[in-house]
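This is a predicted model, so every value here is computed, not measured. Letters A, B, ... are given to chains in the order of the sequence lines, protein chains preceding strands, and every chain is numbered from 1.
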Amino acid sequence: MAKWALVAHGGAGVIERAHLRPEQDAAYREVMGRVAQAGAAVLKAGGAALDAIEAAIQILEDDPLFNAGRGAVFTAQGDIELDASIMDGGTLAAGAVAGVTRTRHPISAARAVMEHSPHVFLGGEGADAFARSQGLEAVEPSFFFTERRWKSLVRELERQGLPIPRRPAVAPAKEDARTALAHDEGKRG
Amino acid sequence: TVGVVALDADGVVAAGTSTGGVTAKRWGRVGDSPIIGAGTYATNAACAVSCTGAGEYFIRLSVARTICALVELKGLSLQAAVDQLVQRDLTKLGGEGGVIAVAPDGQMAWSFNTSGMYRARIADGEAMVVGIYK
């Protein structure tokens with residue numbers, strides 16, 4: 001029996017000690033540890049690498065600390081367009097989605113493309129429609145909205161002298177405590 | 001961008017990546033994360049890789065697939081392969097970011113040329129490691 005192993009990342013960028021308050025540092029370490037443990041629990045039980053990956057990435061997609069799923073960054077138009085991919089090293093099967101806006105877990109949509117379609121890559125509305133046809137959880141685009149990323153968008157567009165899109169009407173009014181811990185690691189379009 | 005690579009008890013490796021892209025990106029812009037071979041790749045003949053960073057550079061370098069090829073065809077260790085792509089090739093091209101990787105023999109590796117990357121690793125019989133800064 002092979003020794004199981006798992007590695008996770010939550011993004012790279014301008015992330016220095018001086019940038020993170022102690023509570024932010026603690027929050028990021030806690031969730032990265034929780035993500036690794038969640039994937040390890042699947043592997044310890046003899047589960048497949050794909051299942052460990054999907055379980056771990058779903059936690060990251062739901063956590064507004066990270067630029068994926070809820071808490072993702074905005075396009076210059078004020079939308080959130082999500083991308084994901086997954087690949088099985090045993091069979092070389094692969095699946096990917098790009099530009100999804102209404103599927104809660106893009107990693108699960110990518111896996112569905114891999115396992116339930118003859119394709120590798122689906123984009124845009126077709127990818128969202130396929131995810132719905134597979135029974136994956138659909139959400140309103142506002143599910144992904146976080147105030148902190150919206151403020152980052154406005155700052156970036158002002159810096160570039162570009163027009164500021166209208167704030168989504170259904171955007172949550174106030175920022176929750178978890179979102180307030182998110183660090184903007186400086187990825188700019 | 002977030003990603004996970006895993007090796008299971010059957011000796012199978014896999015990779016997954018998910019992202020929102022970059023703030024104020026042109027709508028319709030797609031980075032490396034959904035591109036098999038650029039942001040994500042896995043083969044039991046070598047390793048599984050997930051990337052994060054300035055996607056256009058990872059696409060142009062086919063980073064994930066090339067790391068696997070260096071391990072499979074040139075026999076590089078996993079750490080040497082990820083360092084070659086990130087610390088040498090990506091850096092030389094002017095790109096920034098990081099990668100994580102795992103191999104069927106249990107090797108784990110990460111490499112990044114930014115000031116930080118949120119990361120964690122855990123393996124059978126080994127203590128978990130969590131990191132943020134360089």
Per-residue contact mode, B:Val102 against chain A (heavy atom under 4.5 angstrom)
side chain

Where does B:Cys51 contact chain A at under 4.5 Å (heavy atoms): side chain, backbone, both or neither?
backbone

Look up atom NZ in B:Lys25 and atom CD in A:Gln77, then write down how far apart they are to the nearest 0.5 Å.
11.5 Å

Report yes if the side chains of A:Ile53 and B:Val5 come closer than 4.5 Å at any heavy-atom pair, otherwise no.
no

Scanning both residues in full, the closest heavy-atom pair of B:Ala14 with A:Leu50 reads CB-CD2, 3.8 Å

Got a sec: does the CZ of A:Arg21 have more than 12 other heavy atoms crowding it under 6.0 Å?
yes

In terms of heavy-atom proximity below 4.5 Å to chain A, should B:Ile36 be classed as side chain, backbone, both, or neither?
side chain

Testing the basics here: between A:Ala56 and B:Val4, what is the closest heavy-atom pair and its distance to 0.1 Å?
CB-CG2, 3.8 Å

Between A:Ser85 (side chain) and B:Ser33 (backbone), is there a donor-acceptor pair under 3.5 Å?
yes

Could you work out, with salt bridge (charged side-chain N to carboxylate O under 4.0 Å, His left out) as the rule, every residue matching A:Glu30, not counting sequence neighbours?
A:Arg34

Residue B:Ala64 versus chain A: region with a heavy atom under 4.5 Å
neither

Are the side chains of B:Thr114 and A:Ile15 in contact, using a 4.5 Å heavy-atom criterion?
no

Can you name the residues of residues 125-134 of chain B that have some heavy atom under 4.5 Å away from a heavy atom in chain A?
B:Glu126, B:Met128, B:Val130, B:Gly131, B:Ile132, B:Tyr133

Distance-only donor-acceptor check, side chains B:Ser18 and A:Glu61, under 3.5 Å:
yes

Quick check: closest heavy atoms across A:Ala36 and B:Ile122, and the distance to 0.1 Å?
O-CG2, 3.7 Å

Pair count under 4.5 Å, heavy atoms only, with chain B: among A:Ala68, A:Ala96, A:Gly10, highest is A:Gly10

Are any side-chain N or O atoms of B:Asp8 and backbone N or O atoms of A:Ala48, one a donor and one an acceptor, separated by less than 3.5 Å?
no

Hey, quick one: are B:Phe58 and B:Val71 part of the same hydrophobic cluster, counting side-chain heavy atoms closer than 4.5 Å, chains of contacts allowed?
no

Correct closest heavy-atom pair for B:Pro34 and A:Ala98 would be CG-CB, 4.2 Å

Considering only heavy atoms, give the residues of residues 119-134 of chain A separated from chain B by less than 4.5 Å, sorted numerically, with 'none' for an empty result.
A:Val120, A:Phe121

Heavy-atom contact with chain B under 4.5 Å, split by part of A:Asp51
neither

Out of A:Val154, A:Val73, A:Thr75, which one pairs with B:Thr23 under the side-chain contact (heavy atoms from CB on, under 4.5 Å) rule?
A:Val73

Can you tell me how far apart CD1 (A:Ile86) and OG1 (B:Thr17) are? Round to the nearest 0.5 Å.
9.0 Å

Value rounded to 0.5 Å, distance of CE in A:Met32 from CE in B:Met117:
8.5 Å

Separation between CZ (B:Arg121) and CG (A:Leu6), nearest 0.5 Å, reads 11.5 Å

How are the rings of B:Tyr118 and A:Tyr28 set to each other: parallel, tilted or perpendicular (split at 30° and 60°)?
parallel

Quick one: OG1 on B:Thr19 to CD1 on A:Ile107, what's the gap to the nearest 0.5 Å?
11.0 Å

Counting a contact as any heavy-atom pair under 4.5 Å apart, which residues of residues 79-98 of chain B contact chain A?
B:Gly97, B:Gly98

Any link between A:Val35 and A:Leu43 through a network of hydrophobic side chains (Ile, Leu, Val, Met, Phe, Trp, Tyr) touching at under 4.5 Å?
yes

Test your reading of the model: is there a side-chain donor-acceptor pair from B:Asp124 to the backbone of A:Lys44, 3.5 Å cut-off?
no

Is there a chain of hydrophobic side chains (I, L, V, M, F, W, Y, each step under 4.5 Å between heavy atoms) that links A:Ile164 to A:Phe145?
yes

Nearest non-hydrogen partners of B:Gly20 and A:Leu82, listed with the distance:
CA-CD2, 3.9 Å

Just give me the residue among B:Gly16, B:Gly31, B:Cys47, B:Ser115 that pairs up with chain A most often, heavy atom to heavy atom, under 4.5 Å.
B:Ser115

Hydrophobic cluster identity match, A:Leu136 and A:Val100, side-chain contacts under 4.5 Å:
no

Shortest non-hydrogen separation from B:Asn44 to A:Gly90 and the atoms involved:
OD1-N, 3.6 Å

For each of A:Gly99, A:Ala72, A:Ala84, tally heavy-atom pairs with chain B at distances under 4.5 Å, and name the one with the top tally.
A:Ala84

May I ask you to test the B:Trp27-A:Asp79 pair for a side-chain heavy-atom distance under 4.5 Å?
no

Taking a hydrophobic cluster as the set of Ile, Leu, Val, Met, Phe, Trp and Tyr residues connected by side-chain heavy atoms closer than 4.5 Å, whether directly or through intermediates, do B:Val63 and B:Ile59 fall within one such cluster?
no

Tell me, for A:Ala110 versus chain B, whether the close heavy atoms (under 4.5 Å) come from the side chain, the backbone, both or neither.
neither

Could you tell me whether the side chain of B:Thr1 reaches within less than 4.5 Å of the side chain of A:His9, counting heavy atoms only?
yes

